[in-house]
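Below you'll find the structure, written out as structure tokens, and then a few comments.
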Amino acid sequence: MLKEQEAAYRCIEVTPQASGFGAEISGLDLSRPLPAEALAEVKGAWAAHGVVAFPDQPLSLEAQEAFTQAMGGFGVDPYIAPMPGHPNVLELRREPDETATNFGAGWHSDWSFQAEPPAATLLHAKVVPPVGGDTLFVDATRAYESLSPTMQAMLAPLRAIHSARQAYGTSGVFARETAKRTLQIMVSEEADGSLSHPLVRTHPVTGRKALFVSPVYTVGIEGLTEPEAKAILGFLFAHLTQEAFVYRHRWREQTLLMWDNRCTMHFAEGGYDGHLRLMHRTTVKGDTPV
Ligand code: SIN
């Protein structure tokens with residue numbers, strides 16, 4: 001990894017990942033409130049790199065909550081019971097004896113079925129298994145930019161239909177699940193609903209365009225028949241998840257990871273049956289995608 005030379009950063013050190021997608025940020029203690037200049041630099045680096053890791057941050061729940069608030073305020077996390085006494089924190093705990101598929105094991109951008117999906121998700125690693133449990137991220141900006149101008153023009157007017165139904169709906173994956181799961185998931189009729197967002201969205205900070213679809217939450221395209229939408233979405237899902245656009249995050253305990261849901265998708269890998277994995281997760285509220 002190369003250290004970023006930009007004079008833009010006076011308070012933090014930003015080391016971009018070798019692939020050019022994602023970065024590590026050091027030089028901060030996130031257990032205390034950040035001075036305004038440092039916070040502005042963190043926001044800038046996060047917008048520029050999409051996925052930023054803060055290693056060696058032994059954070060309390062309160063410190064993670066405070067940093068999430070400083071980044072823009074809490075998002076709304078539906079369908080999962082929060083931690084007692086911490087209504088904005090989800091504890092992603094998978095016990096060694098759990099056999100249910102690990103949470104997040106499908107490509108998605110968090111809560112994209114909401115009218116204002118969260119701008120960021122923050123995940124703090126408390127217990128990392130000795131094998132497996134990586135999180136993969138797709139750079140949906142570069143994926144968009146690598147499409148031909150003709151394909152970009154074809155996608156420009158389209159609105160993709162998003163729904164939580166395949167996961168949290170009354171006939172979704174979790175409704176049919178029988179295996180034990182520590183995470184308390186609440187299947188709901190509300191999850192069967194849907195809404196649409198631009199298929200290509202423009203990042204409010206960088207102004208760059210990104211594909212905004214995912215296999216878990218995108219269920220159609222407005223104005224297209226099901227087979228037509230399936231063909232286009234199938235192509236886009238395969239295009240997005242090419243190795244060239246993927247960053248694999250290998251966890252270390254006490255790393256805080258923060259990703260931008262407006263221009264990335266992610267996938268939580270399994271492969272750690274027999275081991276505990278424990279993360280604390282918060283979201284930062286976002287805007288209506290445009
Ligand atoms: C998620 O999709 O939010 C979970 C990611 C992870 O556990 O790595």
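Sequence positions, counted from 1, serve as the residue numbers for this chain. Remember, it's 1-based here, ligands and their atoms both numbered in the order they're listed. Fair warning: this is a prediction, and the values are worked out from it, not measured in the lab.
Of the protein's non-hydrogen atoms, the one nearest atom 4 (C) of ligand 1 is Leu92 CD1, 3.8 Å.
Remark: Asp260 does not engage Lys43 in a salt bridge, criterion side-chain N to carboxylate O under 4.0 Å. Salt-bridge annotation for Glu95 and Lys180: absent, with no side-chain N of the basic residue lying under 4.0 Å from a carboxylate O of the acidic one. Using a cut-off of 4.0 Å between Lys/Arg side-chain N and Asp/Glu carboxylate O, Glu145 and Arg208 are scored as salt-bridged.
Heavy-atom distances between Met279 and ligand 1 stay at or above 4.0 Å for every pair. The closest approach between Glu269 and ligand 1 stays at or above 4.0 Å for every heavy atom of the residue. Leu123 counts as a contact of ligand 1, since one of its heavy atoms falls under 4.0 Å from the ligand. Distances from ligand 1 to the non-hydrogen atoms of His249 include no value under 4.0 Å.
Contacts of Arg277 with ligand 1, taken as heavy-atom pairs under 4.0 Å, involve the side chain alone.
The line from OH of Tyr247 to CG of Asp139 is 13.0 Å long, rounded to the nearest 0.5 Å. Atom CG in Asp110 sits 6.0 Å away from atom CH2 in Trp259 (nearest 0.5 Å). The distance from atom CZ of Arg201 to atom CZ of Arg262, rounded to the nearest 0.5 Å, is 6.5 Å.
Set against the non-hydrogen atoms of Ala268, the atoms of ligand 1 under 4.0 Å away are 5 (C), 6 (C), 7 (O), 8 (O). Close contacts between ligand 1 and Gly104 involve ligand atoms 2 (O) [criterion: under 4.0 Å to a heavy atom]. Within ligand 1, the atoms closer than 4.0 Å to a non-hydrogen atom of His108 are 2 (O), numbered from 1 in the order shown. Atom numbering of ligand 1 starts at 1 in the shown order; those under 4.0 Å from a heavy atom of His266 are 1 (C), 2 (O), 3 (O).
Under the 3.5 Å distance criterion, with hydrogens and angles disregarded, a donor-acceptor pair is assigned to the side chains of Ser112 and His162. Using modelled atom types and a 3.5 Å distance limit, the side chains of Ser146 and His239 yield a donor-acceptor pair. Side-chain atoms of Tyr79 and Glu190 include a donor-acceptor pair closer than 3.5 Å.
For ligand 1, none of its N or O atoms has an N or O atom of Thr121 under 3.5 Å away. Where the criterion is an N or O separation shorter than 3.5 Å, residue side chain and backbone included, Arg281 meets it with respect to ligand 1. For ligand 1, the polar-atom distance check against Thr135 finds a nitrogen or oxygen pair separated by under 3.5 Å.
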